[in-house]
Number of protein chains: 2
Amino acid sequence: MIVVSSKDVAKHAGVSQTTVSRVLNTPDLVKQKTKDKVLKAIEKLSYVPDANARSLVQKKTGVITLLSGPLHNPFFVDTTTAIVNYANENGYRVNVHFVNDKKLSEAYSSAIENKVDGMILSCILLDDPIFERLKRMSIPFITYNRKHKNEELFVEIDNEEAGFLAAEHLIQLGHKDIAWVGGPLTVSTFKNRFEGYKKALKKHRIIENPLYIFHTDSSKNDIQKAFEDLQNCINKPTAICSGADSVAFNLMNNALSSGLKIPEDISIIGIDNVDLSNHGAMQLTTVGSITENNLGRLAIEKLIEMIELEKSTCIQITESVKVFLRNTTAKRKD
Amino acid sequence: MIVVSSKDVAKHAGVSQTTVSRVLNTPDLVKQKTKDKVLKAIEKLSYVPDANARSLVQKKTGVITLLSGPLHNPFFVDTTTAIVNYANENGYRVNVHFVNDKKLSEAYSSAIENKVDGMILSCILLDDPIFERLKRMSIPFITYNRKHKNEELFVEIDNEEAGFLAAEHLIQLGHKDIAWVGGPLTVSTFKNRFEGYKKALKKHRIIENPLYIFHTDSSKNDIQKAFEDLQNCINKPTAICSGADSVAFNLMNNALSSGLKIPEDISIIGIDNVDLSNHGAMQLTTVGSITENNLGRLAIEKLIEMIELEKSTCIQITESVKVFLRNTTAKRKD
DNA sequence: AGCTCTAATGAATACGTAACCATTTTATAT
DNA sequence: ATATAAAATGGTTACGTATTCATTAGAGCT
C-alpha cells in the first residue's frame with residue numbers, strides 16, 4: 001500500500017509540510033497563490049490526510065465505540081440506526097460491536113484497546129466492573145437500555161412502570177393466568193420490568209404462579225423452551241407478558257407455528273414499541289416511551305455533548321411510558 | 001484525558017520502552033524476571049497500548065469500513081450482523097455507515113478520509129466512479145448485494161434468475177396480472193431482477209403492462225404510492241412481484257392496512273429470503289440463495305483474505321437461487 | 001531609504017508505538 | 001580461564017500529522 005503523505009505534497013508543491021497542513025486546517029493563514037499550488041498537488045497526488053496520525057497528535061480520534069446487543073433483537077436495529085446516523089452527521093465514526101452476555105468481557109477489552117473519544121453501551125450488567133474501569137480511565141461513556149447499579153449515566157424507559165402497565169393491561173382484559181417470559185435478572189431492564197409485573201399482580205390480588213415465570217437467556221431456543229413449558233402446564237396461561245418486544249416476536253412465532261391464533265387463543269404483549277411492532281403483519285400491543293424518542297438517539301446526543309464539553313455531568317434519563325394498543329391482546333374468553 | 005504510555009511503564013519498571021514493547025509483542029525474547037517487572041507496572045498503571053500509534057508505524061489499522069444500506073431493510077440487518085461479527089472474530093473493528101442513495105458521495109469521501117485496511121460496500125451504483133477511485137488508491141474492497149458494471153469484486157445472488165423464478169412462481173399459480181414493484185434501475189440488483197421478471201412474462205406470453213411496473217426509490221412513501229396506484233387500476237393486479245423482501249414487507253403492510261387479505265386477495269412474493277421472512281407472522285414466500293449463505297459473510301471472508309494475502313484477486317461470486325415457499329402466495333381466484 | 005508592523009512561511013518537535021541496529025550480559029564449548 | 005555463540009536489553013529512528021517558535025517577505029508609514 002503506497003501512501004502519499006503531506007511531505008510528498010509539500011515537495012511537489014515546493015512548500016513546507018507545515019504549509020500543506022495549514023492549507024487544510026487554517027486556510028486563511030496562507031496566500032491564495034500558495035494555496036492554489038498546494039491544492040493542485042493534493043489533487044494530482046490524490047492525497048488524503050491520515051486520520052490516525054492526526055489523532056495521535058491531537059489526542060482526539062473522532063471515533064465512538066458502540067457495544068450493542070444483537071440485531072436480531074429489533075430494539076437494537078432501531079437504536080443502532082439512530083446512533084450511527086447521528087454520530088456520522090456530527091463527524092464521528094462508529095465502531096460497532098454486537099455483544100452477547102456470554103462473552104461480554106472479551107468485547108470490553110477489545111474495545112478498550114483502542115483509544116476512542118467515547119463509548120456507548122447497551123449491555124451493561126447491574127454490577128458490571130466495566131463501569132468503574134471506564135470511570136477510572138476517564139473515558140466519556142453512557143449506557144442506554146440497561147443501567148448500572150450506580151444509577152449514573154444512563155438513558156432508559158421507566159421499566160418498572162412498563163412492566164406494570166403491560167401486566168395491568170392484560171388484567172383489565174380479564175386475564176388472570178398471566179405468564180412472564182423475560183430475560184436474566186442480572187440486567188436492570190428485565191429486573192425492573194419483572195418487578196412491575198409482580199406489582200400489578202399484587203395490586204389486583206392475583207397470586208404469582210411460579211410455573212408461569214421464565215427468566216430466559218433471551219435466546220431463541222430458551223424462549224421456545226419457555227413457551228413449550230407453558231403449553232404443557234395443566235392450567236395454560238391465557239396471556240403472556242413479554243420482557244421485551246423481541247421476546248414477544250419469538251413467542252408469537254412459536255404460538256403461530258403450533259397452530260394457536262393470536263389474540264384469540266392467547267394474548268401477548270411486549271415492551272419497547274420497536275418499529276417492527278407496528279407492521280401490519282405483527283401489530284404487537286406493547287408498552288413504550290410516550291414521546292416515542294429513540295433511546296439510542298437520546299444517548300448519543302448526550303455522549304457527544306459530554307465529549308465536546310469535556311465535562312462529566314451526571315445523566316439520568318428515564319422516559320415515561322404508555323400502552324400502544326394493537327392486535328395481539330384481547331379479552332379473555334370464558 | 002491522562003494517557004499512560006509505554007514510556008511511563010518503562011520508567012516505572014526500570015527498563016527501556018523497547019523492552020515494554022517486547023513484553024507485549026514478542027514475550028519469548030525477554031527474561032521471565034523482566035517480564036514480571038514490566039507486567040506488574042502495566043497492571044499498576046493500568047496501561048493500555050494505543051492502537052492508533054501502532055497502526056501508524058505498522059501501516060495497518062485493523063479497521064474495515066462498512067458502507068451498508070439502511071437497517072430498516074432487513075436484508076442489511078442480516079448482512080451487517082454477519083459482517084461485524086466475522087470481522088470482530090478476526091481481530092478487525094468495523095466502522096459502520098448507513099448510506100442512502102441520495103447522499104452517496106458524501107458518505108464515500110468521509111469514509112476515504114480515514115485510512116482503513118479495507119472497505120465493503122453494499123450500495124454501489126452500476127457506473128459509480130468510486131470503483132475506479134478505490135482501485136487507484138489500491139485499497140482492498142469488495143461489493144455485496146449490488147455490483148459495478150466492471151463485473152469485478154462482487155458477491156451477489158443470481159438476480160436475473162431470482163426475478164425470473166419469482167415471476168414464474170406467480171404465473172404457475174395462475175396469475176396473469178402481475179405487478180412489479182422494485183427499486184431504481186441504476187443499481188444492478190433491481191435491474192437484473194426486473195430483467196428476470198420480464199423474461200418470465202415473455203416466456204409465458206404475458207404482455208407487459210406498463211401500468212403494473214414501478215421503479216421506486218425504495219422508500220416507504222414511494223412504495224406506498226406504488227401500491228395505491230396499483231389499487232386504483234381498472235384491472236387490479238392479482239399478484240405483486242417485489243424487487244426485494246423489504247419492498248414486499250412494505251407492500252404487505254399497505255395491503256393489510258387497507259383491509260386486504262394475503263394471499264386470498266393478493267399474492268406477494270419477495271426476493272432475498274431474509275431471516276424475518278420466515279417469521280410466523282410474515283411467512284413471506286421469497287426467492288433466495290439455495291445454500292442460504294449470508295452474502296455479507298461471504299463478502300467479508302473474501303475481503304479479509306484479500307487484506308491478509310495482499311493480492312487483489314478477481315472475485316465474482318453469484319449464488320444460485322430457489323423459491324422458498326411460504327404463505328403469501330396462492331392460486332389465482334376466478 | 002529606513003523603520004515598524006503584519007502577513008506568510010519554514011524548521012524543529014511531539015504524539016506513542018514498533019523496528020532496526022548496537023551493545024551488554026549470560027551460557028556454552030574449548 | 002578464555003573464546004565464542006546466544007540471549008537479553010537498550011538507544012535511536014520512522015511513521016504522518018499538528019503545533020510551537022523563529023524567520024522572512026511585504027505593506028504602509030515617515
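These numbers were taken from a predicted model, which means no experiment stands behind them.
With hydrogens and angles ignored, a donor-acceptor pair under 3.5 angstrom links the side chain of B:Q17 to the base of C:dA18. One N or O donor and one acceptor, one from the side chain of A:T18 and one from the base of C:dA11, sit under 3.5 Å apart. Counting distance only, with no hydrogens placed and no angle test, the side-chain atoms of A:Q32 and the base atoms of C:dA8 include no donor-acceptor pair under 3.5 Å.
Side-chain contact between B:D117 and B:K60: present, with at least one pair of heavy atoms (C-beta onward) separated by less than 4.5 Å.
Rounded to an integer number of Å, the gap from B:N25 CG to C:dG16 P is 17 Å. Between A:R22 atom CZ and C:dA7 atom C1' the separation is 11 Å, expressed in whole Å. Rounded to an integer number of Å, the gap from NZ of B:K37 to C1' of D:dA8 is 12 Å. In this structure, CZ of B:R54 is placed 14 Å from C1' of C:dA19, rounded to the nearest angstrom. Between the CG atom of B:D36 and the P atom of D:dA8 there is a distance of 14 Å, given to the nearest Å. For B:K33 and C:dT26, the NZ to C1' distance is 13 Å, given to the nearest whole Å. One interatomic measurement links the two molecules: CG of A:D28 to P of C:dT6, which rounds to 18 Å at whole-angstrom precision. Atom CG in B:L29 sits roughly 12 Å away from atom C1' in D:dA6 (whole-Å rounding).
Under the side chain to side chain contact (heavy atoms under 4.5 Å, CB included) test applied with A:I83, the options A:I120, A:I64, A:D78 reduce to a single match, A:I120.
For the OP1/OP2 pair of D:dG10 and a distance below 4.0 Å, the side-chain nitrogens and oxygens of B:T19 include at least one atom meeting the criterion. Here A:K35 does not reach the OP1 or OP2 of C:dA8: none of its side-chain N or O atoms lies under 4.0 Å away. For the OP1/OP2 pair of D:dA18 and a distance below 4.0 Å, the side-chain nitrogens and oxygens of A:S21 include at least one atom meeting the criterion. Dashed line: the shortest gap from a side-chain N or O of B:K59 to OP1 or OP2 of D:dG16 is under 4.0 Å. Not one side-chain nitrogen or oxygen of B:Q58 sits closer than 4.0 Å to the OP1 or OP2 atom of C:dT17. Dashed line: the shortest gap from a side-chain N or O of A:S6 to OP1 or OP2 of D:dG16 is not under 4.0 Å.
Residue B:T34 is classed as a sugar-phosphate contact, given heavy-atom separations below 4.0 Å to backbone atoms only. Within 4.0 Å (heavy atoms only), A:N52 reaches no atom of the nucleic acid at all. Within the nucleic acid shown, A:V30 comes within 4.0 Å of sugar-phosphate atoms alone, with no base atom in reach, counting heavy atoms only.
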Assess the residue pair A:S16 and A:T19 against the criterion (side-chain hydrogen bond (donor to acceptor under 3.5 Å, both in side chains)); give the C-alpha distance rounded to whole Å, side-chain angles, the decisive distance to 0.1 Å, and a yes or no.
CA-CA 5 Å; A:S16 72; A:T19 299; 3.3 Å; yes

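The side chain of B:D50 lies closest to C:dG16, out of C:dG16, C:dA14, C:dA18.
Under the 3.5 Å distance criterion, with hydrogens and angles disregarded, no donor-acceptor pair is assigned to the side chains of B:E156 and B:T189.
Residues A:Y92 and A:Y86 keep their aromatic ring centres 6.0 Å or farther apart. Ring centroids of A:F141 and A:F131 are separated by less than 6.0 Å, placing the two rings close together.
For the pair B:K31 and B:L56, both in contact range of DNA chain C, the more 5′-proximal nearest nucleotide belongs to B:L56.
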